Every structure is written in C-alpha cells, then in structure tokens.
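Worksheet for the structure shown next.
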There are 2 protein chains.
Amino acid sequence: MERVLTNREAICQEGDAASHCTVLLDGFLVRSKIVGDREQILAVHVPGDFPDLQTLHLPVLDHDIVSVGPSRVGVIPHAHLKAILTASPTLTHVFWRETLVEAAIFREWVCNVGARSALASVAHLICELAARLDAVGLLQDHSFQLPLVQQDIANARGISAVHVNRTLQELRKRKLISWEGRSVTLLDRKELGKLAGFSGEYLHQRARPAAA
Amino acid sequence: MERVLTNREAICQEGDAASHCTVLLDGFLVRSKIVGDREQILAVHVPGDFPDLQTLHLPVLDHDIVSVGPSRVGVIPHAHLKAILTASPTLTHVFWRETLVEAAIFREWVCNVGARSALASVAHLICELAARLDAVGLLQDHSFQLPLVQQDIANARGISAVHVNRTLQELRKRKLISWEGRSVTLLDRKELGKLAGFSGEYLHQRARPAAA
DNA sequence: CGAGTACTTGAGGCACCTCAAGTTTTGTGG
DNA sequence: CCACAAAACTTGAGGTGCCTCAAGTACTCG
C-alpha cells in the first residue's frame, strides 16, 4: 500500500505500537525525539530507506517519524513482512544488515554531535547525505534537493539555528558548498570531506553505481 | 572459547575484518572511535552484551573495542554462529533484536551528547548503566562497580575531563550519587532520573528480575 | 616506596548561546 | 495571479557553559 505525505506529516509517534513497516519511496523523513525543551533529530532518511524496520522486533516506538517536504512511502504490514522473512533466510539477513548499517550511522552521529565542531559537523551531514543520495542516483552533478530548513540542521546537530546560519555562511565563503532554496551543491567535495573528517566507510555501501 | 583481558586491552580495531563474535562474560568493554584529535566513546558494554554482533553482516569494523578493567569474553567463530542461526529462525530474531536494542541506545546517546547539558548527560549515563546492570543482577543495593575513569566519561559525553570532575562534584553535592574508587551508588534514583530526563523505555528490557 | 595515573582546583578564554529585530522567501486564499 | 500572512533566513550584541592550560594532591600498583 502506498501513502502520500505532505510536508511535516507524522508517520508515527513515540509510544505508538507499530503494526507495519515503512519504506521511503520518494522525499525525506526525519526521526526525532523531544528532549526537555529541545527536539533532537536522530536520523534523516532518503529514498530506499526502511526507517522503522526495528518495529518488527521492538514494536513500541521510542521516537517520532515525520516527513520533510512532500514524500511517498510504501506500507508493509508486519504480518506480511514476517511471512516473507520466514520464507527467506537470505532476505532476513538483508533486512538485518540494513538495520546494522543504520546503527553504524547512529554511531557516526554520536561522533558528530560529541566530537566535531559545528563547522565540521554540518559539513559532515552534507557529505553523508550526498553519499547516501548518490547511492540511489539522486545526486546529479554534485547537487541534490534537500527540503530541510536551518532549524532542522540545528536539531540534528545540537546547535542553535542562528549558529547553523553562520556556519553555512562560512561554508559558502570557503567555496565548499552552495545552498540556494532547496538545492545544495558540493563545490569541492574533497575539501569539504577533509574539513568534515568524512570517510564513507561507515555507510558500508556495497557498490557505487556508475556516475551519470 | 574464552579469553581473559586485562585493563585497556584491545579486542579489535577499526579496519579489522572480524571472523568471530564476542560475548562479554565479565567486566566492561567500550567501543570508541578517533575523531580528529579526540576519542569518542560510542558505547559501554556490560556482561551479557554482544558488542560486535554486527560483524556477522558488516565484517569490517568502523571502530575499536577495548576492555576497561579486568574482563572475560567468550569468542564465537562467525561460521559457528551462522550455522546456529541457519538452524534456528527464533535465535536469529533474538540476535537481531539484540542489535536493534543497541541501535536504540545509540539513538539515546545522540540525544545525550546533542541535547542534554553536561550535568544531565552524565546523570543519564549513570542511570543507563544502573538500569542495564540491574537487568543482569549486577546492581546491589543501588550500587555497582564501574572501572571507567573520569576521562572515559568525558570521551563518552563529548565534554572535557575537567568538566566531568566538576559535574560529578555537583551530583555529589546534590546528594544524588556517591562515587568512591570503583564503586558508584545511586543515592536518589528518582531525582537523578528526573535531572537526567531518564526513561528506561529505550532499553526495551523485557522483564525486570526480582530485586535481590 | 617510587612512578605513573587519576583526581582536583584555579583562572582566563572562546565557541556557541539567547534574545531581538529586520529582511527575504514561501505558501495560501481571494 | 496578486496580497497578505507566515515561515525562513540574516544580522547584531551581549552572555555563558564549557574549554584549555597549568599546577598541585591523592591514589594505585608493581
């Protein structure tokens, strides 16, 4: 079953008991959690991701999942998915692996918010999104569409929106990125990666598709 | 096979290709990653944990695993583990679930380093360790043994060791904890949890063992 | 019992924060 | 397709939580 989402529409919320899984077909989703008076974004999902695969074994959600920009998701009932996995040990391992890569990304995010400066951390987020979008063919000519606003970046990185603004200005001043409207361009991917301390290893991408 | 570890002994390092998994039988392990000139601790493991289960599907490690204090681990070859999992879909789901709980803990750590103050974040770490140690019977009378030093707490929380020291003094001053030598005691679990914004939900513990 | 490691304390500094006001862009109903 | 409101972005200025450096004290273990 398919479901079309407008901007900032909740798929599910903390405390919900999920009975189905979601696959993101088009657009973006973020997972977030309210911590005191702040909102912490835990993950940004790109097309091809299964953002709530963990509900198969941990049905009660410990965070919210919300669309960013117009999006489209596929919905798969748990019962259906379980039948498929029972029938195919190979698919079981594919899905398990998917959740393990996700965990590796969470680990890198701990490094981003814990050990990197605001500048490096924001640069790292852009590198990560570019690499993941590239893997599904959504990076064209070093550019991609990104409906996240500066407050989202702030919530993802644990810094203030004002500081995100100044950080992006610095990245633009250094001619590392351009960001106009919804369109982000990596002007110097190598230098940006160097500043961010980015290494794509943790994404455990199997193969890179040929460049367009 | 069993392996006995002394303090600060590496089990495996970033870049290694693992051919076996580990189960922590006794003591503590931390997973960490070097980020620029800092070390970020990604996870603290307690007895019963499988800290490198992900190597089954992602053999190349993206971080180090090191003992803290004298420890004892069991070593299970991948081939052996895969045979067991092939034979038992139930066990497959149990192990998968284990990695999903671990991912939930990573998410909470993102909140800790991203959205909580130093005081709340350190308090949260203590609450989490107490809850996890309680689940395996290693919390006695609100006390547990913890071989982590202040620099480790700093590396886990993305703050300086000096500030960890001052934070612990504040927690002691507020009569929330005592920490003498290796022994940590929760003097007021409720208040500590409140300060930390701690809710054990994310640990997805199935059942709590009866208190000793 | 000596040497290394961990802990503590003080003091000055800075990366990032909050508040606040203005400008630009985006979305929406008439 | 315009008018208007709301949201997003930008800029300035003062503040603070945590940092770094540095020195001294107290463990711990061989």
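None of the values given here were measured: they were computed from a predicted structure. Naming: A, B, ... by sequence-line order, numbering from 1 per chain.
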Interatomic distance, [X] [atom1] vs [N] [atom2] [rounded to whole Å]:
X	N	atom1	atom2	answer
B:Ile153	D:dC19	CD1	P	14 Å
A:Glu180	D:dC9	CD	P	13 Å
A:Asn7	C:dT28	CG	C1'	14 Å
B:Gln151	C:dG4	CD	C1'	16 Å
A:His163	D:dT16	NE2	C1'	14 Å
A:Asn155	D:dA8	CG	P	11 Å
A:Arg182	C:dT25	CZ	P	13 Å
A:Leu168	C:dC16	CG	P	13 Å

Check the phosphate of [N] against [X], side-chain N and O only, distance under 4.0 Å to OP1 or OP2. Yes or no?
X	N	result
A:Asn165	D:dC9	no
B:Gln150	C:dT8	yes
A:Gln169	D:dC9	no
A:Arg172	D:dT10	yes

Degree of bending, the helix from C:dC1-D:dG30 to C:dG30-D:dC1 (end axes from five pairs; round to 10°)
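For the helix from C:dC1-D:dG30 to C:dG30-D:dC1, the axes at either end differ by 60°.
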How about CD on A:Glu9, more than 12 heavy atoms from neighbouring residues, nucleotides or ligands closer than 6.0 Å, or not?
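Result for CD/A:Glu9: enclosed.
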Contact nearer the 5' end of DNA chain C, comparing A:Arg166 with A:Gly181:
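Result: A:Arg166.
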For DNA chain C, whose closest nucleotide is more 5', that of A:Val164 or that of B:Val162?
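It is B:Val162 whose nearest nucleotide is closer to the 5' end.
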Is it the case that [X] and [Y] place a side-chain donor and acceptor less than 3.5 Å from each other?
X	Y	result
B:Gln169	B:Asn165	yes
A:Asp52	A:His20	no
B:Gln151	B:Asn155	yes

Name every residue in residues 113-130 of chain A that has at least one heavy atom under 4.0 Å from any atom of DNA chain D, in order of residue number, or write none if there are no such residues.
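Contacting residues: none.
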Could you give me the CA-CA distance, side-chain angles and deciding distance for B:Asp134 and B:Gln205, then say whether side-chain contact (heavy atoms from CB on, under 4.5 Å) is met?
CA-CA 11 Å; B:Asp134 196 10; B:Gln205 291 167 341; over 6 Å; no
Residue B:Val149, side-chain atoms from C-beta onward, closest of C:dC17, C:dA6, D:dC18:
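Side chain of B:Val149 sits closest to C:dA6.
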Determine the sole option in A:Arg31, A:Gln13, A:Lys33 for which the side chain to side chain donor-acceptor pair (under 3.5 Å) test with A:His63 is passed.
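Of the listed residues A:Arg31, A:Gln13, A:Lys33, the side chain to side chain donor-acceptor pair (under 3.5 Å) partner of A:His63 is A:Arg31.
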Quickly, which of A:Gln40, A:Glu14, A:Glu39 forms a side chain to side chain donor-acceptor pair (under 3.5 Å) with A:Ser32? Name it, please.
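Considering A:Gln40, A:Glu14, A:Glu39, a side chain to side chain donor-acceptor pair (under 3.5 Å) with A:Ser32 is found only for A:Glu39.
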